[in-house]
Amino acid sequence: MLNFKEIIANTIEKTINIDTKELESYIEIPKDTQNGDYAFPCFRLAKELKKAPQQIANEIKEKMEIDNNIIEKVEIVGGYLNFYIQKQKIIKEVLEEIAKKEEYGRTQIGEGKNVVIDYSSPNIAKPFHIGHLRSTVIGGALYNIYQYLGYHTIGINHLGDYGTQFGKLIEGYKLWGEEYEIEKDPIHELTKIYIRINQACKEDEKVLERCRENFKKLEKGDEYCIQIWEKFKTLSLQEFQKVYDLLGSHFDSWNGEAFYSDKMAEVIEILEKTGKIIESQGARIINLEEQGIDTPCIIEKSNGSTTYATRDLAAILYRARTYDYDKSIYLTSYEQVLHFKQVFEVAKLLGLDEKYVQGLKHISFGMVLLPTGKMSTREGNIIKLEDLLNESIQRAGEIIEEKNPTLENKEEVAKKVGIGAIIFNDLANSRIKDEIFDWDQILNFQGETGPYIQYTYVRTKSVLEKVGKVPKIETINKQKLEDSYSQNIIKIMYAFEDTLQQVTKKEEPSILARYLIDLAKAYSVFYNENKIITEDKELQDARIYLTYGVGKVLKIGAGLLGIQMPDKM
Ligand code: ARG
C-alpha cells in the first residue's frame, strides 16, 4: 500500500534540508478529521531553522510541489500544515489491498531480525496465577504480531522449575507424600505440602538443613531427587497445558531455569574475571550502586546455591548464542522491575556484543485486582486459572442461551466468547495499568470488550450472508464510499499496518485492542446510519464490499491478539 506519511515527508523534504525519516516521525494524525488526514507540526523545526512555526509553514507550502493525484489540498492552521488525501486514493488503496491479500496488513519489515519473547513462565508445583495469565496473553499477542510483520520469533516458556524450594518439596514429599492425592490435583496438593514443610523448617533447623541438602543433591544429579523433581514437573505441566489449550498458547522452547543448571559455571567464571564479584556475608554478589541500583545482585548464595538472577544471566548468554537475537523481551508484572534492572546491568559484564545487551527489554505490566483487592496466593485468595477460564465460558454460555437460544454449536461459541472476553480484558488497557477484574464488564456485549468485537464481526457476516455473495472488486463504484461514515471506516482500515508497527515499537498490544474497538464502533455507526441493502445496486455493492473488508480486518486483528471469531453468536 502507498505510505502517505512517507509521501508527505518526501514532499516536505524537497523544500528544506531535513532527513525524510525524521520528518516522517513528526507527522501526526489529527484527532479531528476537520484538520485533514495528516498534520505536520512546524514548531518541531522552529528551533533548528530559527524561524516562527507559522513562517516555516508558509515557506514550505509555497515551495512544495504536491502530487494532486494523491493530495487533495494543504492548509495552514496555527503552525500546522494539514494535508488532505484524495478520498478516492485512500479508498482505492484499501479496497485493492483487501482484494489482493488474504493476510491484510502482513509485511516483511522484520525480515532477517530475531525476536525472543520470554513469556508465561509459571513455576512448577505452584499455582499458575492471574499474573502468569497476563504474561501469557500479552506475550502471545506480541509473538503473533512480530511474526505477522516478518520477524523470526522465538517464544520461550522460562519455567520456574529450579531453586531451593524444590529441595523443600522433595523433603515434604519424602515425609508425607502418601498423605496427599498428588496425582489427582497436583498443584493444589503440592502447595499444601510446601506450606507444611515451610512450617516444619521454621520449627526445626535440621529439617531445613535436609531441604538444602536435597537441592544440592538435585543440582549434582542425584537419581532419586531428579526422579521426584521430574514427577512434579510432569504433573504441573499437565495442569498448565489445560490453560494453554484453552488460550491457544504456543511456545517454541520450554527451557526453564533447570535447563541452565550446567550453564551457570561459565557465567560465574566470566564474572570472576571482571573482578566485580565480592564476598558479602558469605554470599557472592555484584555491587550496582555506581549504576544507581541500591540492591546488589546476588550471584551465589552463602550455601553455594545459584540464584534466579544467575540463571537469567546464563539464559542471556545462551539466547544470544543460540538465537542471535535483535530483541529479547521479558514479560512479567512490575514486581520484577528490580530483578531485571540488576540482571541487565550485570549482563553488560558478560562480554557480549553490544547488540545483545541493547536488545534486552523487560516489559512489565500491572496487577490484576479483584473488586475486593489484589489477587494473591499468600493470602489464600487463590484463584485457579483453569476454573476462571471455565467460569467465563459458562457465563458466556448463559448470555448466549438468553440472547440466542436456537444458535447451533452453542458450546463452541461460548468457548470463543468466554476466552475472547478474558484475553481482551487483559489487553484492552495499556499494560502498565492495574486491571480490575469484573465479570459484568468483561462480558458486556455492548461495552469495549472482546464480545463486542466478536459481535460486530458476526454482524458483518450476517450482512454478507443476506446478499449471498461478495461482489468483485472491479465492479465496485468507489465514488459511493465518499460519505463520512464510510470514510471513517476506510481511514481506520488504512491505519492497520501502521498500528501493528506501533505495537512492536512500544511493546503494547493494547494499541491493537483499541484499534479494533475503534473499527467496530465505526462499523456500528455506519451500519446504523447507512442502509446497506438498498435499491441502488451500486451503492449496495460498495457497502457490501466495505462490510467484507471490515470483517476481514476484525478477524485478522482479533486473531493476532489470540481471540477467535465465531461466525454466529
Ligand atoms: N517464573 C517467574 C515468576 O513466576 C517468571 C519468569 C520470567 N522470566 C525470566 N526469564 N525471569 O515470577
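Not measured: the values here are computed from a predicted model. Numbering of ligands and ligand atoms starts at 1, following listing order. When reading the values below, keep in mind they use all heavy atoms of this one structure, side chains included, and skip hydrogens, waters and symmetry mates.
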(request) Run down the list Tyr260, Tyr308, Tyr119, Tyr330 and name the one with the heavy atom closest to atom 7 (C) of ligand 1. (result) Tyr308
(message) Looking only at the aromatic ring of each residue, does the gap between the centers of Phe445 and Tyr452 stay below 6.0 angstrom?
(response) no
(request) Would you kindly say whether Lys327 and Tyr146 are connected by a side-chain donor-acceptor distance under 3.5 Å? (result) yes
(request) Mind telling me whether Tyr162 and Phe215 have parallel, tilted or perpendicular rings, with 30° and 60° as the class edges? (result) perpendicular
(request) Please indicate whether any nitrogen or oxygen in Arg319 is less than 3.5 Å from any nitrogen or oxygen in ligand 1. (result) no
(request) Verify, without hydrogens or angle tests, whether Thr504 (side chain) and Gln501 (backbone) share a donor-acceptor contact under 3.5 angstrom. (result) yes
(message) Glu257 versus ligand 1: do any nitrogen or oxygen atoms come within less than 3.5 Å of each other?
(response) no
(message) If we count only N and O atoms by modelled type, under 3.5 Å, do the side chains of Ser120 and Tyr244 hold a donor and an acceptor together?
(response) yes
(request) Just let me know how Asp312 lines up against ligand 1, side chain, backbone, both or neither, with a heavy-atom cut-off below 4.0 Å. (result) side chain
(message) I'd like to check which ligand 1 atoms, numbered from 1 as shown, lie under 4.0 Å from a non-hydrogen atom of Thr332.
(response) 7 (C)
(message) When you compare ligand 1 with Ser121, is there at least one nitrogen or oxygen pair between them that comes in under 3.5 angstrom?
(response) yes
(request) Can you pull out the closest protein heavy atom to atom 8 (N) of ligand 1? Residue, atom name and distance to 0.1 Å, please. (result) Asp118 OD1, 3.1 Å
(request) Distance to 0.1 Å, residue and atom name: give those for the protein heavy atom nearest to atom 12 (O) of ligand 1. (result) Gln336 NE2, 2.7 Å
(request) Output yes when a side-chain donor or acceptor of Lys263 lies under 3.5 Å from a complementary backbone atom of Phe259, and no otherwise. (result) yes
(request) Would you please indicate yes or no on a ring centroid separation below 6.0 angstrom for Phe344 and Tyr330? (result) yes
(request) Measure the distance from atom 1 (N) of ligand 1 to every protein heavy atom, then report the residue, atom name and distance (to 0.1 Å) of the closest one. (result) Asn123 OD1, 2.7 Å
(message) Please list the nearest protein heavy atom to atom 4 (O) of ligand 1 with its residue and the distance rounded to 0.1 Å.
(response) His132 NE2, 2.7 Å
